[in-house]
Amino acid sequence: MALGQLIKRELFAFLKNPVFIASLAILLVFYTALGSLMRIGREGTEQIITGKIGIVLEENTNLTRTLVELLKHVTNNQTIVYGSSEEALRDVNLVIIIPHGFTHSAISGNGTIVLNSIVKVENPSIDILSGLQSLIFQVSDLISKLLPIAINQVYGVPINYQIMFNVRTESNVWFYGRELGLDALLALSSLILMLPLFMGIVIGLNASSAAQLTAFDKVEKAFEMLLAQPVKRSYIVLAKIIAASITSLLFAVIYLVGIFGMSMGSIPSEGGIDLTDSIIELLDVLSNQLGVDLISLIPISMVLSITLGLISTGALGIIAGSISPDERVAGVIIAPLPLIYIGMAFAFTFTGIRADIITSIASGLIVSLLPSVYVISAITGNTIYIVVSTVVAVSTCILLIGIAAMLFNRDVIILGVRIRIKRE
């Protein structure tokens, strides 16, 4: 009985708090909006992977022409023949190239029949790339099933459905005027789109640390003595931001070491695989193909993103702690922020990152997106978006620090904002 009363008391303390209700409303509205954003990304992916398929016949024989007619029939005329891959890429996102020697390989029945494909990608969304990869596999599988029928129609060879031709497609990607492997681009997209998730965890938790530090001083009645000292209020704000940032960085380092140890521990020792070397090797290959020094760009953008992110979220935490009467309220106010950062990171894995003015401004406000925007902007050659996102991020930091310092010069820093609901 006593336990039940205590639980009821604690729950009522939260539920009667308007700040807690507001936090729940913010999360509900935010994640509903993210759901709409992700749905738009899904719809864009479906339009790409269910669109027309281009066919380029490097070998124009009776067999290849018959096979194409069968493909047209099966795909409801979504298969179109083009004279060249350049012509096809102006109209479709996927081009299948039937190379020289295809007919000989099909008739002889020896070995694997290798096709070539080119995929046009302007938005490196993991969802889009995975969908295109699946579509290529489906087309290859469809060709392997239709090939016996085509051989029967052209050469009169009885159809043997027990024989399955091994058709494999080597895929390349046409990505902003550069051609590279589909698997390589998928790996790069996974890396640059997962960076915001890691950044969001570290940066979001920093806000909680700063809010708790500020609210703790208030509860312990330390502000009266601290503010009486001949020290600029902006220095106090910066000191709290730095202290919270060091705590968050310590967490990030331990987290990274733990993840690295887990990854290395899951790999057999006799395999001789070094995860770090594998990532560096991948980035080196991609740097040569894209003409961008990713090995330098990604670490630099991560350092800048973490620095600006810790400053901005540290200032946000201090603002939350300043207007809160105690630690509980401060925690409730700042609780949605880490979830917002994590939610944004997940959403962009579906929608992808584009090099445009809207994305660059959003990345300046949500600083965890900076590394992804930097990489995409550098690859596309639109470095102006790097400047825009950086300017917005720096301006946001200055603005938030100014607001925090202003609150430290007000009476609210002592008692906090108290919201009372009138009872009838």
Side-chain angles (χ1 to χ4, degrees), residues 45-46 48-121 128-175 178-189 282 285-286 289:
T45 300
E46 291 176 0
I48 290 175
I49 65 177
T50 58
K52 299 176 182 178
I53 300 171
I55 298 289
V56 175
L57 296 176
E58 290 185 349
E59 182 177 82
N60 193 350
T61 63
N62 289 335
L63 179 62
T64 57
R65 289 193 297 269
T66 302
L67 180 62
V68 169
E69 291 302 319
L70 290 172
L71 280 171
K72 288 182 179 179
H73 176 73
V74 172
T75 60
N76 296 321
N77 291 319
Q78 291 296 300
T79 302
I80 303 174
V81 178
Y82 295 90
S84 66
S85 57
E86 290 80 9
E87 178 188 353
L89 287 172
R90 287 194 290 267
D91 188 37
V92 298
N93 294 301
L94 172 61
V95 181
I96 302 294
I97 302 172
I98 299 181
H100 295 289
F102 176 86
T103 301
H104 178 268
S105 298
I107 295 174
S108 63
N110 296 324
T112 300
I113 299 175
V114 180
L115 304 178
N116 298 317
S117 71
I118 300 178
V119 178
K120 181 176 65 176
V121 175
I128 290 176
L129 293 175
S130 299
L132 288 170
Q133 197 173 40
S134 176
L135 178 61
I136 292 170
F137 175 79
Q138 293 175 20
V139 173
S140 300
D141 184 64
L142 184 59
I143 290 175
S144 69
K145 294 177 179 177
L146 293 176
L147 195 50
I149 302 175
I151 292 176
N152 170 261
Q153 292 182 6
V154 175
Y155 301 105
V157 177
I159 301 175
N160 186 352
Y161 289 103
Q162 301 302 317
I163 299 176
M164 180 68 69
F165 286 88
N166 184 16
V167 178
R168 179 170 58 86
T169 303
E170 294 182 352
S171 304
N172 288 324
V173 180
W174 189 252
F175 184 58
R178 301 172 178 87
E179 191 171 337
L180 63 158
L182 178 58
D183 292 338
L185 183 59
L186 185 59
L188 175 64
S189 299
L282 171 64
V285 171
L286 289 170
Q289 292 179 344

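We number each residue from 1, following the sequence as shown. Owing to the predicted nature of the structure, the values given are computational and were not obtained by experimental measurement.
Side-chain contact between I80 and I55: absent, with no pair of heavy atoms (C-beta onward) separated by less than 4.5 Å. Using a 4.5 Å heavy-atom cutoff, the side chains of F102 and L147 are in contact. Between V114 and E170, some side-chain heavy-atom pair lies under the 4.5 Å cut-off. Proximity of N166 to I113: side-chain heavy atoms (C-beta onward) are nowhere separated by under 4.5 Å. Proximity of V119 to N172: side-chain heavy atoms (C-beta onward) are nowhere separated by under 4.5 Å. For the pair V74/L142, a side-chain contact is recorded, criterion being any heavy-atom separation below 4.5 Å from C-beta on. For the pair T103 and E59, the minimum side-chain heavy-atom distance is below 4.5 Å. Side-chain contact check for E58 versus T64: every heavy-atom pair is 4.5 Å or farther apart.
S171 and S117 share a donor-acceptor pair across their side chains, judged by distance under 3.5 Å alone.
In this structure, CG in L57 is found 10.5 Å from CD1 in I97, a value given to the nearest 0.5 Å. Between the CG atom of L146 and the CD atom of Q153 there is a distance of 9.5 Å, given to the nearest 0.5 Å. To the nearest 0.5 angstrom, Y82 atom OH is 11.0 Å from I53 atom CD1. The NZ atom of K145 sits 12.0 Å away from atom OG of S140, with the distance rounded to the nearest 0.5 Å. Distance CD1/I149 to NE2/H73: 9.5 Å, rounded to 0.5 Å. In this structure, CG on L67 lies 5.0 Å from CD1 on I98, to the nearest 0.5 angstrom.
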Checking V139 against T169 for the side chain to side chain contact (heavy atoms under 4.5 Å, CB included) test, could you report, in this order, the C-alpha distance in whole Å, the side-chain angles of both residues, the deciding distance, and whether it holds?
CA-CA 9 Å; V139 173; T169 303; over 6 Å; no
Residues T79, K52; criterion side chain to side chain contact (heavy atoms under 4.5 Å, CB included); working and verdict:
CA-CA 6 Å; T79 302; K52 299 176 182 178; over 6 Å; no
Q.
For a side chain to side chain contact (heavy atoms under 4.5 Å, CB included) check, start with the C-alpha distance between V56 and E87, then their side-chain angles and the critical distance, and finish with the verdict.
A. CA-CA 10 Å; V56 175; E87 178 188 353; over 6 Å; no
Show the numbers, then the answer: is there a side chain to side chain contact (heavy atoms under 4.5 Å, CB included) between L63 and I151? CA-CA 7 Å; L63 179 62; I151 292 176; 3.9 Å; yes
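Considering every non-hydrogen atom in both A88 and V95, the closest pair reads CB-CG2, 3.4 Å. The shortest non-hydrogen separation linking V121 to F175 is O-CD1, 3.2 Å. Of all heavy-atom pairs spanning L89 and K120, the tightest one is O-NZ, 2.6 Å.
For E69, there are no side-chain hydrogen bond (donor to acceptor under 3.5 Å, both in side chains) partners at least two apart in sequence or on another chain.
Within 6.0 Å of OH in Y155 there are more than 12 heavy atoms belonging to other residues, nucleotides or ligands.
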